[in-house]
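Heads up, the thing below is written out as structure tokens.
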Amino acid sequence: MKLRIRRRIEPKRQTGKYVVYWMQQAQRAEFNPALDEAIAYSNNSELPLLVVFVLCPVAEANWRHYLFMLQGLWETARRLKQRGLELIVLCGEPVSLLSELSVSALEMVCDLGYLRFQRSWREKLLEECLAKGCGWTELETEPSCPIEVVSDKEEYAAATFRPKLLRALNTRFEASAEISYQLNHVVSIDHPLPYFLPAEKPWESFEAWALQALNPDLSVMPTTGLRGGREAAEMHLNNFLRDKLPYYASFRSNPALDIQSGLSPYLHFGQISAVEVLQQLLGRYDLTLPELCSLIAKKPLPENPLVNPAAFAEELLVRRELSFNFCHYNSNYDSFAALPDWARQSLLNHLGDKRDQDYSLDRLEQCATNDIYWNAAQQEMMETGKMHNYLRMYWGKRLLTWFASPEDAYQVALYLNNRYELDGRDPNAYAGVAWCFGKHDRPWQNRPIYGSVRYMNATGLERKFKMEKYLHKVYRNKES
């Protein structure tokens, strides 16, 4: 766990009533380095451990996102209970609530997030903890290797990031270790705001409490096809490894087929660890990590069965962690300014080009454009909380032709994605939208509207895939 520790500041005081683990990004009881570090600190100091999650309003989050997250937290609370720990859920502003807990804490342990609001929370809480004499330990839990260990700068593309990540995996990878909690002290917290112990109550009570305490945006309904939590994540992972991975390299890009892993929402909420997924992938094919890294680097031929784990690992490790690198090093990750100069200037050079249509946001949310494939992709996202990755690229690029400026198209893409996708507001989401506008790509042939940004059109979709099957899948799901 040493490499995963981003910041460690010893406490000024000699003792306290307890150790606090603020669970935020890694919402799980297994394969969680921050939880393991907190347990180890608790054991060594012989102080009880409080595992605390703070439920709070987050910009662009709605009941669809919160319900999926709460389902995961309710299950996590029960899994923590099996390890002798209680999950305490508070509702309010995280810094002020956790600051009050730090008054009596010897150490505050937390996981790490890459987005602006996550970094702001941690910086402010760190100041509060240090002012009160409480120690601070911050660990990176989500990537296979810590981002700053892999690279000390924003990488231009996967081609520059891949060799650095593979080198780090080969030399500096740390396997997860589950540490047993040795204390059985029961500590109550004295706090004016209500808190909830999910492991002690049925799900319906937790849901009702969260609705009342949070008062979330209810305008986007929850999805009916996906449930949050580790159990569901494990089911998706097992089904994928058994039934879909053997066809992954050949068919993952086909939107009419369901060959993708479906793990993105669970990874986004930290309900399952990418390291665990990686270990199961290695076990399935009896590969060592160096062997898998070699496969990723060499890109096996299509007839080689190992092309499938290599292709999946490319997405799970290289592409996903490139998005972490992007959000960590680029402060403009959620704006048009995040694009490389060539892409931004090329798009701006075509501001005067004639657009196909001028759609309002309402029209887009009604899935009522003149593009049947865009409408279907939007419908899929609104109904299921996810969109096929290949169609998301087409969906994002198509917006360029419907808005007067690429800046407007960019912001609409982020708005729709973050509002309806279960994995919205994720580094993967920000990098994915940015890719549609030229990020992590190279200049292509100059075209109207798009300039040198990679072009996609409906004819290309129809040439590659049987798009009528995709339409049938989307609207059949809607009818059912």
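As a basis for the values below, the full set of heavy atoms in this structure was taken, side chains included, without hydrogen atoms, waters or symmetry mates. All values derive from a computational prediction rather than experimental measurement.
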Look only at the side chain of R6 and the backbone of E140, and say whether a donor-acceptor pair between them is shorter than 3.5 Å.
-> no
To the nearest 0.5 Å, atom CG of L399 lies from atom OH of Y410 at 12.5 Å
Just wondering, more than 12 heavy atoms not from D286 lying within 6.0 Å of its CG?
-> no
Is H65 reaching over with its side chain to a backbone N or O of N62, donor-acceptor style, under 3.5 angstrom?
-> yes
Are any of the side-chain nitrogens in K299 or E314 under 4.0 Å away from the carboxylate oxygens of its partner?
-> no
Indicate yes or no for a side-chain donor-acceptor contact from N330 to the backbone of F326 under 3.5 Å, with no hydrogens or angles considered.
-> no
Ion pair present between E75 and R79, side-chain N to carboxylate O less than 4.0 angstrom?
-> yes
Centroid-centroid under 6.0 Å between F312 and F240 rings = yes
Checking L348, L347, D353 against H350 for side-chain contact (heavy atoms from CB on, under 4.5 Å), the one that qualifies is D353
Might you work through the salt bridge (Lys or Arg N to Asp or Glu O under 4.0 Å) test for R28 and E142, ending with a clear yes or no?
-> CA-CA 11 Å; R28 57 184 182 270; E142 301 313 290; 3.2 Å; yes
Could you check Y114 against Y329 for ring-ring contact (aromatic ring centres under 6.0 Å, His included), going step by step and ending with a plain yes or no?
-> CA-CA 9 Å; Y114 299 106; Y329 287 113; 9.6 Å; no
N-O pairing of E155 and R162 below 4.0 Å = no
Counting heavy atoms not belonging to E231, are there more than 12 under 6.0 Å from its CD?
-> no
Is it true that atom CZ of R116 has more than 12 heavy atoms of other residues, nucleotides or ligands lying nearer than 6.0 Å?
-> yes
Between W342 and R344, is there a cation-pi geometry (under 6.0 Å to ring centre, at most 45° from the normal)?
-> no
Mark yes or no for whether W374, through its side chain, and W395, through its backbone, hold a donor-acceptor pair below 3.5 Å.
-> yes
Roughly how far apart are N389 CG and R319 CZ, rounded to 0.5 Å?
-> 11.5 Å
Minimum heavy-atom distance F336-E407, with the two atoms named = CD2-CG, 3.5 Å
Do W444 side-chain atoms and R442 backbone N/O form a donor-acceptor pair below 3.5 Å?
-> yes
Examine F206 together with F196 and report whether their ring centres are nearer than 6.0 Å.
-> yes
Spacing of L281 atom CG and L317 atom CG [to the nearest 0.5 Å] = 8.5 Å
Could D426 and K386 be called an ion pair, given the rule that one side-chain N must be under 4.0 Å from one carboxylate O?
-> no
Rounded to the nearest 0.5 Å, the CD atom of Q280 sits from the CG atom of L241 at a distance of 6.0 Å
Flag this pair as yes if the NZ/CZ of R122 is under 6.0 angstrom from the six-membered ring centre of W22 and inside a 45 degree cone about the axis; otherwise no.
-> yes
Okay, side chain of E60, backbone of R419: is any donor-acceptor separation there less than 3.5 Å?
-> no
Aromatic centroids of Y66 and F269 separated by under 6.0 Å = no
Minimal heavy-atom distance between D111 and Q24, with the atoms involved, is OD2-N, 3.1 Å
Looking only at atom types and distance, does a side-chain atom of R4 sit under 3.5 Å from a main-chain N or O of P33, one as donor and one as acceptor?
-> no
Just checking, any donor-acceptor pair under 3.5 angstrom between side chains of N370 and Y359?
-> yes
Given the side-chain rings of H388 and Y470, with only the six-membered ring counted for Trp, is the space between their centroids under 6.0 Å?
-> no
Distance in Å, K439 NZ paired with S323 OG, rounded so as to fall on 0.5 Å steps = 12.0 Å
Flag for Y420-Q378: side-chain donor and acceptor within less than 3.5 Å = no
N349-Q345 side chain donor-acceptor pair, cut-off 3.5 Å | yes
Given the rule in the side chain to side chain contact (heavy atoms under 4.5 Å, CB included) test, do L282 and T288 qualify, once you have shown the distances and angles that lead to the verdict?
-> CA-CA 6 Å; L282 293 172; T288 65; over 6 Å; no
Looking only at atom types and distance, does a side-chain atom of E174 sit under 3.5 Å from a main-chain N or O of L3, one as donor and one as acceptor?
-> yes
Atom CD of E321 and atom OG of S144: how far apart are they, to the nearest 0.5 Å?
-> 3.5 Å
Minimal heavy-atom distance between N417 and M381, with the atoms involved, is CA-SD, 4.1 Å
Ring geometry between H236 and Y266 (parallel below 30°, tilted from 30 to 60°, perpendicular above 60°) | tilted
For T384 and E380 the tightest heavy-atom approach is OG1-O, 2.6 Å
Table please: side-chain donor-acceptor pairs of residues 244-256 below 3.5 Å, with sequence neighbours left out.
residue: K244; atom: NZ; partner: D258; partner atom: OD2; Å: 3.2
residue: N254; atom: OD1; partner: A256; partner atom: N; Å: 2.9

Give a yes or no answer on whether the side chain of R320 reaches the backbone of N428 with a donor-acceptor pair at less than 3.5 Å.
-> no
Cation-aromatic face contact R230/F31, 6.0 Å, 45 degrees | no
